[in-house]
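To start, the structure itself, in structure tokens.
To find a chain, count down the sequence lines: A is the first, B the second, and so on, and within it residues start at 1.
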Amino acid sequence: MRVIHHPILGDDTRVCNATITVDGRQIPAVEGEPIAAALLAAGIKKFRETPKHHKPRGIFCAIGRCTDCIMTVDGIPNVRTCITPVRDGMVIKTQKGLGEWSEAK
Amino acid sequence: MTQKIGIIYQGFPSEQELAKAPGVPSDERIKRGPVAFIECVQEIPCNPCEEACPYGVITVGKPITNLPKLDEEKCVGCGTCIAACPGLAIFMLNGSKQKAEISFPYEYYPLPEKGDVVDCVDREGKTVTEGKVLRVVKSPKYDATAVVTVEVPMEYIKIVRSIKRLRRS
Amino acid sequence: MKTTEIAVIGAGPAGLSCAVEAARAGAKVTVLDENLKPGGQLFKQIHKFFGSREHKAGTRGFRIGEQLLSETEKLGVEVLLSSTVYGLYEDRLIAYIKDGKDNTLRAEKIVIATGASENALAFPGCTLPGVMGAGAAQTMINVNRVLPGKKVIMVGSGNVGLIVSYQLMQAGADVVALIEAAPKIGGYGVHAAKIRRAGVPIFVSTTIKEVLGEEMVEGVVTVELNEKWQPIEGTEREFEADTVCLAVGLSPLTELAWMAGCEFTFIPALGGHVPIHDKNMETTLPGIYVAGDITGVEEASSAMEEGRLAGVAAAESLGYIDAQKAEELKQQIWARLDALRTGPFGEGRFSAKLKQLNSRRLLA
Ligand SMILES: Cc1cc2nc3c(=O)[nH]c(=O)nc-3n(C[C@H](O)[C@H](O)[C@H](O)COP(=O)(O)OP(=O)(O)OC[C@H]3O[C@@H](n4cnc5c(N)ncnc54)[C@H](O)[C@@H]3O)c2cc1C
Ligand code: SF4
Ligand code: SF4
Ligand code: FES
């Protein structure tokens, strides 16, 4: 959920000017915001599954340190979504295990 | 487990801690008209209240960890200090009318509006009575901290410290 | 190869304050930060700061950040963003990656101001999506403006836990409870009082027993602890929640200082192993300075003062400030630092910092 109104920061006047595809689903996003922010705004919390035990993971540090938030972005696995900015048309996949390289769209 | 009393256990000052705080005015002064009520009971490095009071009636001095001391006779109840306190620990009480008037800092969205009837809460956030909003003061000088004044029955003058957060629509 | 006079690693409050001081004296300063934006933790701090006028008390953190940025701009400080420093080598050679490419920078003086990172905590369910650092939640709500969840359990009652709880409610979330393993609240009472009157219960001597949920957090079971920090059976409480925030301390980010070969000392009150430095913030390696949370975790106000000290000292050593003027400036800064390190909350840090300074003297 986005924080549109805020008592200290005022209203968020940005508009969603980009669309990204997450596991086939299209979600609105703001160009330049971290991918992880767009996902949380759309209610998506599970970002990947661990290699061995297939356990779900989501964001933990939000500053690029812990690698819990890695996903496959435009065919490139292990992208830290909390510090990677959104570009219109990005294709994002929940990463299973170590992920696989594939052709960018 | 029995609950231990006091700010370090409960997260708000106890009666005893307030009774000792040099920023808390006497009951007699509260009955005479609006006066600041400073609930700052720990020695933290901080003194914006001292700087903010245009009448110089709050003293912290050196070191800045001293507790703020209020000169209750000289306080005119202007309310300037309320929004200046980063700890949101300053309130204003007026016990001179039939009903009690309580002013407090408020930093949530949405703000209440003048005339609203709202749930008034104590230091633990429990609703204790309904109250009427008399004023909502916003000022660029307050930097987004609003100062809200509610009117409640007199027996709640030492109890009510805020209102229940209003739900976003 | 790119060169500069003073390289500052980290554009948080410490690094930026350092850059401003040194550039004002006339030095050529380059700041590197791995983030997309400068400011470090400052832009997520939307509360009014403590301290006194000289510490910009009463001003909100992000506004202080804006002021610092505009000063660095005016003074012509070079700020390299998305630049991760991964190596510090002999003769003050800095290796960093920018936009996927390797770069080097040689500096006459280096100031390491890399800050601290949040500690984690282990319990059943601690890896479920929805369990995150309190600072991560703070970044999401105040910088990215999205809610990580609607019903939050906060773990830890230091100032970060108390402040982030308050800010989560300002952003529109509910904080279901704050729990603290110690028998008392760790942070400032005034911060605790804000969230108490907003209806947040604080449970001391309480920890997480487990987090419930298969795919993400659905609830939390807490348990009370006895004087020996052992769980007391039968004191479990269950809460419905979709988010668990951990505010269980910070650890200085010291890798670069280790790599450079700075000597360390162990001071738990400051967050663990911290580089030894003198009153100029200079480490045991000449020309390498440290400032801010890397020297021991405190808060933004003290980080800015330490940054200024390092900036003045580095500019002085390059001949931009004469000894007398530098001494004067440094004494003013030390007086402001000491003012922040008094009272029941500051004394511990004051003596810890003294120990850190003394370990320098013992080595010398
Ligand atoms: C998540 C978090 C939340 C906090 N919230 C509060 C709060 O609400 N209130 C409060 O008083 N204190 C808070 N603190 C305490 C905080 O430590 C200080 O307020 C202050 O930000 C410390 O300043 P600093 O400049 O030392 O570090 P920081 O502000 O952390 O800045 C360090 C900078 O260095 C950069 N960096 C690190 N390593 C590298 C590298 N290898 N290469 C390039 N750049 C690098 C980082 O990107 C960062 O921008 C928080 C701390 C954290 C970690
Ligand atoms: S209410 Fe006005 S006069 Fe009284 S202490 Fe506050 S600022 Fe000073
Ligand atoms: S400004 Fe507020 S928190 Fe600071 S000393 Fe004054 S009353 Fe206490
Ligand atoms: S959440 Fe930790 S690296 Fe992205």
Side-chain angles (χ1 to χ4, degrees), chain B residues 1 3-4 6-13 17 38-52 60 62-67 83-90 104-110 120-127 141-145 160-165 167-168, chain C residues 46-60 63 157 162 166-167 169-172 174 178 180 182-206 224 226 232 235 299 301-302 336 338-347:
Chain B
M1 208 163 61
Q3 169 82 66
K4 288 192 193 155
I7 188 128
I8 60 170
Y9 303 111
Q10 295 175 291
F12 59 88
E17 284 167 327
I38 310 177
E39 303 198 357
C40 186
V41 300
Q42 288 175 322
E43 294 169 322
I44 54 180
C46 185
N47 71 1
C49 50
E50 177 175 43
E51 292 249 339
V60 175
K62 290 264 155 73
I64 58 171
T65 42
N66 289 340
L67 294 182
C85 166
L88 306 191
I90 307 185
F104 51 87
Y106 191 79
E107 296 186 329
Y108 294 107
Y109 179 92
C120 297
V121 299
D122 63 7
R123 295 185 182 88
E124 291 181 76
K126 279 208 293 277
T127 302
K141 265 200 291 188
Y142 292 176
D143 191 4
T145 308
V160 164
R161 285 300 173 267
S162 191
I163 57 171
K164 202 165 172 194
R165 271 188 304 144
R167 288 282 138 194
R168 292 168 180 239
Chain C
I46 60 167
H47 50 281
K48 293 179 179 169
F49 276 25
F50 289 86
S52 60
R53 182 198 288 264
E54 309 87 71
H55 309 111
K56 296 194 193 297
T59 308
R60 297 188 188 276
R63 300 208 201 281
S157 70
L162 297 172
Y166 181 60
Q167 292 174 353
M169 291 188 283
Q170 290 184 303
D174 283 328
L178 184 150
E180 164 62 60
K184 62 187 183 65
I185 295 167
Y188 291 173
V190 288
H191 285 315
K194 286 179 207 176
I195 67 167
R196 289 304 322 266
R197 57 180 181 265
V200 179
I202 298 181
F203 299 102
V204 293
S205 297
T206 300
E224 287 179 23
N226 63 21
I232 308 172
T235 59
E299 24 85 67
S301 309
S302 44
R336 293 202 294 268
D338 288 344
L340 290 172
R341 292 172 181 157
T342 49
F345 291 92
E347 273 155 10

Does atom CZ of B:Arg168 have more than 12 heavy-atom neighbours from other groups under 6.0 Å away?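 Counting neighbours around CZ of B:Arg168, more than 12 heavy atoms of other residues, nucleotides or ligands fall under 6.0 Å, so yes.
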Looking at every non-hydrogen atom in both residues, tell me the closest pair between [X] and [Y] and how far apart they are.
X        : Y        : answer
C:Arg197 : B:Ser162 : CD-CB, 3.9 Å
B:Ile7   : C:Ile185 : O-CD1, 3.7 Å
C:Gly58  : B:Pro48  : N-CG, 4.2 Å
C:Phe50  : B:Pro45  : CB-O, 3.7 Å
C:Phe345 : B:Glu43  : CD1-O, 4.3 Å

Given that the side chain runs from C-beta out, which part of [X] has a heavy atom under 4.5 Å from chain C: side chain, backbone, both or neither?
X        : answer
B:Gln10  : both
B:Thr145 : both
B:Asn47  : both
B:Arg123 : backbone
B:Tyr142 : backbone
B:Ala52  : neither
B:Tyr9   : both
B:Gln42  : side chain

Pick one of side chain, backbone, both or neither for [X], based on which atoms fall under 4.5 Å of a heavy atom in chain B.
X        : answer
C:Pro183 : backbone
C:Asp174 : both
C:Phe203 : neither

Backbone of [Y] reached by a side-chain donor or acceptor of [X] within 3.5 Å:
X       : Y        : result
C:Lys48 : B:Ala83  : yes
B:Glu51 : C:Ser52  : no
C:Arg63 : B:Asp143 : no

Distance, nearest 0.5 Å, that separates CG of C:Leu340 from OG1 of B:Thr65: 10.5 Å
Taking atom OH of B:Tyr108 and atom CE of C:Met169, what is their separation to the nearest 0.5 Å? 4.0 Å
Options B:Asn66, B:Ile64, B:Val121, ranked by heavy-atom pairs under 4.5 Å with chain C, top entry: B:Ile64
Out of [options], which one racks up the most heavy-atom pairs below 4.5 Å with chain B?
options                      : answer
C:Arg60, C:Gln170, C:His191  : C:Arg60
C:Ala57, C:Gly343, C:Pro201  : C:Gly343
C:Ser157, C:Ala171, C:Gly346 : C:Ala171
C:Ala193, C:Gly186, C:Gly187 : C:Ala193

Salt-bridged, C:Arg196 to B:Glu39, with N to O below 4.0 Å? no
